[in-house]
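Just below is one structure, and these are the notes that go with it.
Atoms within a ligand are numbered from 1 in the order they appear, just like the ligands themselves.
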Amino acid sequence: MRTPDVQRMARLLEDAALTRTPLSRDAALPDLGLAEAYAAQRALVGARESAGDPRVGVKLGFTSRAKMRQMGVDDVIVGLLTACMRVPDGGRIARGQLIHPRVEPEIAFRLARDVDPADPRSDLTSAFDAVAPAIEVIDSRYSGFAFDLPRVVADNTSAAAIVIGHWAALDTDLWTHLANAAVTLSVAGRPVAFGSTANILGDPRRVGPALLGMAAEHGIAMRGGDVVLAGAATAAVAVEHGYVEARVAGIGRVRFTMTGAAHE
Ligand code: OOG
Ligand code: MG
């Protein structure tokens, strides 16, 4: 592995986020493979953890066809969530802190106990004890939101902010319901995207096994209390300002307000 490239990529991406300056398409970026891209993601998030921003969970990306089509990629990826990304339900996010934010309606699972991805007997699904409606704010650090799979992985899968609604205890009935629950995203009171939890890997019950395999492959720890974002059920929608709400039939709604105007 080319450690200098991995470190350089992590630094470039963190600087882009901090200065809200996207990396230009013709910037001389290192040519990373997927394994190196995950190493860069680890380095980027590791630096945040060392600076006092602990990990609070993981996210899956491109679990729906709608997202894969929108971004021109064809595989599921995983990213890391940290405490500073969390915004309370009903809270605010300042537009000026971001480059070109987009919002996604999602569901989040809560992990009740530690699970060892390296142990073949491990089961993540039974370790999820609750589910909640969620909104993810993504904000690619690449100009024009344009990337290939290794680049978006290195960029911690565009993760920027998460808003999570009320947790509902997961029982058999709720799992059955989640196989096909309507998902709606609205901005400023206008519905802008419709989907179903069935769009998430065909059935959100596949989230546990898919995540466990990727966690084993990339050495990601699964810890009790972690939040697991399952991936958008619809394409992402650009938002400049206003009230954003996601509803998931049967489990409720979650919202935040994007404040301020674009800085660019
Ligand atoms: C990458 C993040 C994808 C999802 O829910 O599918 C993602 C991106 O689209 O920039 O978070
Ligand atoms: Mg997402």
Return all protein N, O or S atoms below 2.8 Å from the Mg ion (ligand 2), chain by chain in residue order. Glu104 OE1, Glu106 OE2, Glu136 OE1
Do Val137 and Pro101 have side chains that approach each other closer than 4.5 Å (heavy atoms only, starting at C-beta)? yes
Ile164: which other cluster members, linking ILVMFWY side chains closer than 4.5 Å, directly or transitively? Val56, Leu81, Met85, Ile162, Trp167, Val227, Leu229
Heavy-atom count around Arg223 CZ within 6.0 Å, excluding the residue itself: above 12? yes
For Thr172, does its backbone N or O pair with a side-chain atom of Thr176 as donor and acceptor, under 3.5 Å? yes
I'd like to know if Arg141 pairs up with Asp15 as an ion pair, taking the criterion as any Lys NZ or Arg NE/NH1/NH2 lying under 4.0 Å from an Asp or Glu carboxylate oxygen. no
Taking everything shown except Asp31 itself, do over 12 heavy atoms lie less than 6.0 Å from its CG? no
Steps toward side chain to side chain contact (heavy atoms under 4.5 Å, CB included) verdict (Arg151, Asp155): CA-CA 6 Å; Arg151 286 193 186 188; Asp155 187 23; over 6 Å; no
How are the rings of Phe145 and His100 set to each other: parallel, tilted or perpendicular (split at 30° and 60°)? tilted
Restricting to pairs with a member in residues 105-115, which pass salt bridge (charged side-chain N to carboxylate O under 4.0 Å, His left out), not counting sequence neighbours? Arg110-Asp129
Could you please provide the protein residues found below 4.0 Å of ligand 1 on a heavy-atom basis, arranged by chain and number? Lys59, Leu60, Gly61, Phe62, Lys67, Met71, Glu104, Glu106, Glu136, Ile138, Phe145, Phe147, Val152, Thr157, Ser158, Gly231, Ala232
